Amino acid sequence: MSDLDFALEPTLESVVLHDSLKWVFVGGKGGVGKTTTSCSVAIQLAMAHPAEEFLLISTDPAHNLSDAFNQKFGKDAKKVDGLANLSCMEIDPESGMADMALQAQSQFNNDPNDPLGGMFKDMTGSIPGIDEALSFMEVLKHIKTQTAAPGAIADVAAITYKTIIFDTAPTGHTLRFLQLPSTLEKLLGKVQTLSNKFAPMLSMLGGGAAQQQQTQEMLAKLTEIQSQVTEANNQFQNPELTTFVPVCIAEFLSLYETERLIQELISYNMDVTSIVVNQLLFADSTEDECKRCVARWAMQKKYLSQMDELYEDYHLVKMPLLGKEVRGLANLKKFSKYLLTPYDPVVNGGLVFDLEDAK
Ligand SMILES: Nc1ncnc2c1ncn2[C@@H]1O[C@H](COP(=O)(O)OP(=O)(O)OP(=O)(O)O)[C@@H](O)[C@H]1O
Ligand SMILES: [Mg+2]
Ligand SMILES: [Zn+2]
């Protein structure tokens, strides 16, 4: 289906009912509802395509997929209880980073005091964005080993999971991995220069041949990583394959941050067609509303109308603030329905207090 079919519907249909999307990123500032939204998108995708498999990944060290589903997830993909074609995975970027440093160390020399091993660490430490870059490589590697599929990392999603949904971390570094190819290019250049510089010295110290070979291996490995990453990035910049869904709330700061995020995404050539505005009060309906909610709703409406104007070319999805946390599959299912059918407070208002208690 083409995006035109859904022109500016205030829903996520263009994401959920899309047939070609392989990667869906959900992002935004802390606490706005990224996890709730990414779970909801994943659930709706899984329900809309029952014959396909979906994977929801959290790269946030705070790991709230387990909390959202009331089910323990870890670094291996595990099916969501009660939804046979959705799996979740929680990856710790920090431990990925530690693994990578260790791996580099042991790969290039067993001696931690070795100049080359140390050099690798110094270099990776000195390039901005390399932490996030390596973390993301770790994520892709995990997906790869999960599916044990042959071929390039980028093929994996096509082979096993129809779509992989990312619940991204709320930090400002979420998007650094999009700069990964150029980051790695810089790293490669640095390794090359440094190894040329140190080669004579190392051979003077003896053991030069072995060192030389290790350097070559390191270069080969980095080159391989770089080509895989370039391929993945080509996919991330292809709107048929990848989209980013910003989540925000109707407040000044959030609106401002969202605009910044969107500009950043555009600069990375990443597709954004839909924005989720979460936690709306919809407090128009008379007597049972308290003054506080009425006042906050008036404020929310002010920012909503600004967004309606600013984002008239986007699908602006307006989600209600419910009376409880949105936890557990049953509640997430109820909530996520309104990603596809615009929430109407008069007709659907019962949803607000119609949640099951989380276990
Ligand atoms: N529309 C909503 N109605 C009621 N509760 C909500 C709604 N959206 C989110 N919540 C609740 O608010 C809390 C924060 O939501 P969530 O974890 O999705 O935010 P987040 O953006 O992922 O936060 P973080 O930045 O900490 O990862 C959760 O307890 C969630 O259940
Ligand atoms: Mg979260
Ligand atoms: Zn109130």
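In listed order, ligands and their atoms are each counted from 1. This one's a predicted model, so the numbers in the text were calculated from it and none came from an experiment.
Within 6.0 Å of the CD atom in Glu309, the count of heavy atoms belonging to other residues, nucleotides or ligands does not exceed 12.
Met319 and Phe335 get closest at one heavy-atom pair: CE-O, 3.3 Å. The minimum heavy-atom distance linking Phe69 with Cys39 is given by the pair CE1-SG, 3.4 Å.
A salt bridge is absent between Glu289 and Arg296; no separation between the charged side-chain nitrogens and carboxylate oxygens falls under 4.0 Å.
The proximity of Val247 to ligand 1, defined as any non-hydrogen pair under 4.0 Å, does not occur for either the backbone or the side chain. Contact annotation: for Asp67 versus ligand 1, there are no heavy atoms closer than 4.0 Å. Contact annotation: for Ala68 versus ligand 1, there are no heavy atoms closer than 4.0 Å. Contacts between Lys324 and ligand 1, counted as non-hydrogen atom pairs separated by less than 4.0 Å, involve the backbone only.
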Worksheet item: Could you walk me through whether Glu259 and Tyr311 pass the side chain to side chain donor-acceptor pair (under 3.5 Å) check?
Response: CA-CA 10 Å; Glu259 178 55 18; Tyr311 299 121; 2.6 Å; yes

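Between Phe335 and ligand 1, no N or O atom pair is found at a separation short of 3.5 Å. Of the N or O atoms in Arg327, none lie within a sub-3.5 Å distance of an N or O in ligand 1. For Thr37, no nitrogen or oxygen atom sits less than 3.5 Å from a nitrogen or oxygen atom of ligand 1, counting backbone and side chain alike. For Thr36, a nitrogen or oxygen atom sits less than 3.5 Å from a nitrogen or oxygen atom of ligand 1, counting backbone and side chain alike.
The ligand atoms of ligand 1 that sit less than 4.0 angstrom from a heavy atom of Pro320 are 1 (N), 2 (C), 3 (N).
When ring centroids are compared, Phe25 and Phe236 come within the 6.0 Å threshold.
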